[in-house]
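Structure, as structure tokens:
Just follow the structure's listing: the first ligand is 1, and inside any ligand the first atom is 1. Heads up: numbering here begins at 1 and tracks the sequence. Just so we're clear, the structure is a prediction, and the values are computed from it rather than from any experiment.
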Amino acid sequence: MKRFLVLTTLLASNLIVLPLSSAAQKQSPPEVHGIAVEHMDPSVKPGDNFYLYANGNWIRHTVIPPDRAAVNVFSRLSDLSNQRTHDVIEEIAKSNPPAGSSLRKVADLYNSYLDESAIESKGLTPLKSHLDAIAAIHDKRELAFALGKTLRADVDALNNTNFHTQNLFGLWVAPGFHDSDHYTAYLLQGGLALPDREYYLSESEHMKALRDKYQTHVANMMKLAGFSDPEARATRIIELEHAIAATHRSLAENEDIHKADNPWARAELAQNAPGLDWDEYFRGAGLGDVASYIVWQPEAFKGESALVASTPLETWKDWLAFHLVEAYASFLPKSFAEARFAFFGKELSGAQQERPRWQRGVFIVNAQLGDVVGKSYAQKYFSPEAKAQAQDMVARLIANYRKRIEALPWMNPSTKAEAEAKLSTLYVGVGYPETWQDYSNYEVKPDDIFGNMWRGNLSRYEREIARLGKNVNRKEWSMTPQTVNAVNLPLQNALNFPAAILQPPFYDPKAPLAVNYGAIGSVMGHEISHTFDTEGSTFDAKGGLRNWWTPEDLKHFDAATAALAAQYSTYKPFPDLSVNGEQTLAEDIADLAGISAAYDGFHAALDGKQPPMQDSFTGDQQFFIAFGQNWGSKTREQALRQQVLTDPHAPAQYRAETVRNVDAWYSAFDVKPGETLYLPPGERVVIW
Ligand SMILES: [Zn+2]
């Protein structure tokens with residue numbers, strides 16, 4: 001499960017996530033092939049604040065651009081990837097590709113977003129037929145059909161860990177928990193425009209103030225869309241969302257697979273979750289003949305369905321209209337796009353201005369036609385040599401996991417054999433996929449960005465539901481090559497390392513082993529660890545949901561991971577907000593296991609040779625500093641608060657500081673009792 005990080009956040013329509021952020025500076029490759037000594041703060045003791053020791057000077061001299069919520073290594077590399085993707089798109093557009101071809105779709109989609117005057121001149125026309133359809137809903141039966149029509153494949157519980165949809169519910173099509181050879185329908189809770197239930201339910205002053213601003217925002221959007229009495233409508237919409245939020249599971253609960261394993265036959269939805277007319281809902285969704293679902297959060301389905309019955313029809317119609325306008329505001333005239341940014345950008349993330357339009361256009365193409373540009377991107381920017389070297393590194397790390405697991409004194413042979421089977425069948429994708437997505441069901445028109453987005457979201461949904469019941473392709477990717485990230489796909493027992501993360505500063509073929517293992521090696525180790533973390537350990541070698549642990553082994557594992565959760569829960573990025581160590585546990589395990597495996601991999605790769613010094617830094621010091629420099633970041637307060645509440649990953653500083661659990665870090669920097677990060681050997685958490 002799980003990507004390596006969540007790239008900033010929720011300026012979202014239905015499916016598209018527009019990261020908040022700036023003018024990509026063209027970057028030149030680093031001249032020094034090693035750690036960035038100039039980013040460090042030598043006045044800080046590594047044992048007191050390792051994060052600042054590795055990144056302090058960079059943090060001091062970095063200013064967050066006004067169109068960004070955060071800057072970090074990932075965003076700098078994303079800028080480079082976006083610039084390159086932009087160049088690929090421009091080349092495609094210049095080549096004047098034939099009508100109907102996927103290349104033509106790229107050019108037309110991109111240009112339709114850039115053409116602001118066409119968007120302005122259309123005004124509200126693109127919305128009209130959709131708003132009219134909502135206005136024409138006469139009763140709860142028609143409401144159920146309309147709600148069904150909003151269902152999209154816009155959530156992803158285990159791969160990209162996206163539990164948020166503004167629609168009443170979300171669909172995820174993935175291998176079945178109990179039949180990993182076939183694609184199955186998972187239904188997830190939804191219905192909130194704000195990022196998480198906490199935004200409605202938290203009693204903190206910060207959240208109360210945000211809710212007041214949200215009220216104004218909702219009223220403003222309803223007014224722009226031409227509704228009378230926008231304030232009263234906004235009040236009712238938010239009351240309904242508040243009631244929905246109260247039925248929702250928290251993110252930490254969402255990540256508990258055992259609570260999610262609820263196979264319901266079609267008829268059971270009406271029995272278990274009465275209120276919504278489910279026949280009409282599924283007819284609207286085009287899922288009339290699907291016999292069963294896995295319902296991720298039964299109590300939310302029960303609660304939300306009951307709310308459909310108990311809440312007045314007019315409130316639901318306003319809720320539908322508002323969610324439609326909100327989801328597509330970025331593709332409507334400026335007044336809508338600006339109002340949306342003023343709240344979801346400025347208030348929720350802290351960014352002060354929108355990213356340049358061309359960058360947002362790149363995100364849209366990536367989201368709707370990502371594999372078309374991805375194919376050209378991979379050809380242009382990822383050499384066969386880079387691929388071979390990265391594959392070799394992953395193979396070494398897997399070999400080291402194997403050794404670590406074999407050597408675990410507490411694990412029974414039967415559990416070890418299952419773990420070994422998982423490692424030996426793990427599919428590792430490096431750079432780009434072996435087959436590319438087919439977008440032939442997606443119609444793109446010049447000068448129609450609203451329609452292009454609508455049809456793009458719908459065509460993705462239709463592609464996904466067409467796969468239900470079909471054989472699973474375990475080698476299918478869930479990220480594009482131009483994504484700066486990595487991912488573990490537990491139901492496929494597979495990893496993806498896209499081309500865009502396999503470059504400096506993460507991966508530099510000219511850098512010493514210490515630096516590559518500390519930087520990209522720990523990322524690779526992180527993803528491999530997800531194979532065995534709190535969630536991965538519940539899936540077997542074929543991706544089936546099955547407990548393959550002996551009770552004693554599981555007890556040991558749970559005790560070790562509980563200690564790590566407790567450690568992270570002590571971290572407080574703000575006086576009124578702590579890290580939730582349960583919510584971030586799987587990622588924290590992966591970080592710790594990742595750096596441990598990478599450290600072994602580094603020493604194995606040295607093959608007994610002495611690692612070269614860089615300046616005065618030993619090989620081990622370079623290894624840990626390179627790891628710490630993965631995490632150098634500056635984040636606005638609003639965005640960091642949102643991250644703590646909605647992200648399964650801990651803030652960057654604490655991810656860097658997991659080195660305090662690794663014995664070799666203490667000897668590398670001579671860390672002593674009394675220093676802030678010092679843990680006595682018995683309190684260091686060792687999992688693998
Ligand atoms: Zn992860």
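Our summary of the site lists the angle at the Zn ion (ligand 1) between NE2 of H526 and NE2 of H530 as 90°, to the nearest 10 degrees.
F497 does not carry K387 over the face of its six-membered ring by the limits of under 6.0 Å from the centre and within 45° of the normal. Figure legend: R474 and Y427 shown without cation-pi pairing, the cationic atom not lying both under 6.0 angstrom from the six-membered ring centre and within 45 degrees of its axis.
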Going through the checks in order, is the side chain to side chain donor-acceptor pair (under 3.5 Å) test met by T415 and D553? CA-CA 8 Å; T415 312; D553 288 342; 2.5 Å; yes
If you apply the rule salt bridge (charged side-chain N to carboxylate O under 4.0 Å, His left out), what do you find for R660 with E683, and how did you get there? CA-CA 10 Å; R660 65 197 299 218; E683 288 176 29; over 6 Å; no
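Under 2.8 Å from the Zn ion (ligand 1) lies no N/O/S atom of H649, from backbone or side chain alike. Distance check for D591 against the Zn ion (ligand 1): none of its N/O/S atoms falls below 2.8 Å.
As for E587, its N/O/S atom nearest the Zn ion (ligand 1) is the one called OE1.
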